[in-house]
Amino acid sequence: ESTLGAAAEQSGRYFGAAVPAGRLSESAYTTILNREFDMITAENEMKMDATEPQQGQFNFSRGDQIANWALQNGKQLRGHTLAWHAQQPGWMQNMEGSQLRQAMLNHVTQVATHYRGKIHSWDVVNEAFADGGSGGRRDSNLQRTGNDWIEAAFRAARAADPGAKLCYNDYNTDGINAKSTGIYNMVRDFKARGVPIDCVGFQSHLGTSFPSSYQANLQRFADLGVDVQITELDVEQGNNQANVYGAVTQACLAVSRCTGITVWGVRDDTSWRDDNPLLFDSSGNKKPAYYAVLDAL
Ligand code: XIL
């Protein structure tokens, strides 16, 4: 196959990219985006600070620009993200307790309702687990509202958009480690108790090495009865970049419930990182990493 999206579709998967609204008016950029990708994530435009800048006053204008571009061009959409400790609007940052819990649930309900029927998968909760060896939750104002805040968010999202797959999404969870095991235990508990969760996202912001337990980690989550998705893939530029991209793609293809891969940007010059971690260089040329992914799909 000649494009990432078409190659992924051969095995029933998707291949996506994160997109900032500001690039949709650049034809050199949208030419690549439209040609290669069949799933779109708003890089920032559906986050809490963007969609509810003042409490109770929702602004979907930039998120809708991305959603409309995707739908007009026949692309699917991942929703990112309904509840997160970061990129909260100022009014929410110092909120605590039951007031914050209520505001968070209202946010989840309003945003998921606005996009109802348009979202393939929502990252309902993002980055709620701590780094390091504890395997526990990250401290945050949301966590301090009570340990059940995550399941409450998932229940609100399901009620608002029953058709979207609901994902938990995090980073440094790409191999089997204390953090991914903490999330694994939460997902197992959610499945056992009927909390609505359909998928787990592995951001996969990677350096120069490929975690050896990557595929086994995806598989153990899949074996719990959830889909898995690579949601924010980017890999440090260096001698090993193409190999790591190829290995991630092979791992996803080897896990039947790994339903798709999203890279966190299109061209290196548009990346949030400064180490040229994407599949296209700043001029829009395909890099060796691009061909490694295409060969593996
Ligand atoms: C990043 C965006 O790419 C940047 O433009 C923004 O300044 C900060 O957020 N994990 C996530 C993404 O879930 O939302 C983050 O995106 C990257 C890390």
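When a ligand or atom number is given, it counts from 1 through the structure's own listing order. Note that the numbering runs from 1 along the sequence shown for the chain.
- Partners of E36 according to the side-chain hydrogen bond (donor to acceptor under 3.5 Å, both in side chains) rule, which considers only residues two or more places apart in sequence or in another chain, are Y290.
- Scanning all protein heavy atoms for the shortest distance to atom 1 (C) of ligand 1 gives K47 NZ, 3.7 Å.
- The existence of a salt bridge linking E26 and R267 is confirmed by a sub-4.0 Å separation between a basic side-chain nitrogen and an acidic carboxylate oxygen.
- Within the 4.0 Å heavy-atom criterion, neither part of T81 lies near ligand 1.
- Looking only at protein heavy atoms, the nearest one to atom 7 (O) of ligand 1 is N44 OD1, 4.3 Å.
- Among protein heavy atoms, the minimum distance from atom 3 (O) of ligand 1 is reached at E43 OE2, 2.5 Å.
- Between D148 and R155 there is no salt bridge, since none of the side-chain N atoms of the basic residue sits less than 4.0 Å from a carboxylate O of the acidic one.
- Of the protein's non-hydrogen atoms, E232 OE1, 3.0 Å is the one closest to atom 11 (C) of ligand 1.
- Residue pairs that meet the ring-ring contact (aromatic ring centres under 6.0 Å, His included) test with at least one member in residues 206-234, sequence neighbours left out, are Y184-F221, F202-F221, F210-Y214.
- Between R273 and H205, the closest side-chain pair of non-hydrogen atoms falls below 4.5 Å.
- Counting heavy atoms under 4.0 Å from ligand 1, residue Y171 does not touch it at all.
- With a 4.0 Å heavy-atom cut-off, ligand 1 is reached by the side chain of N126 but not by its N, CA, C or O.
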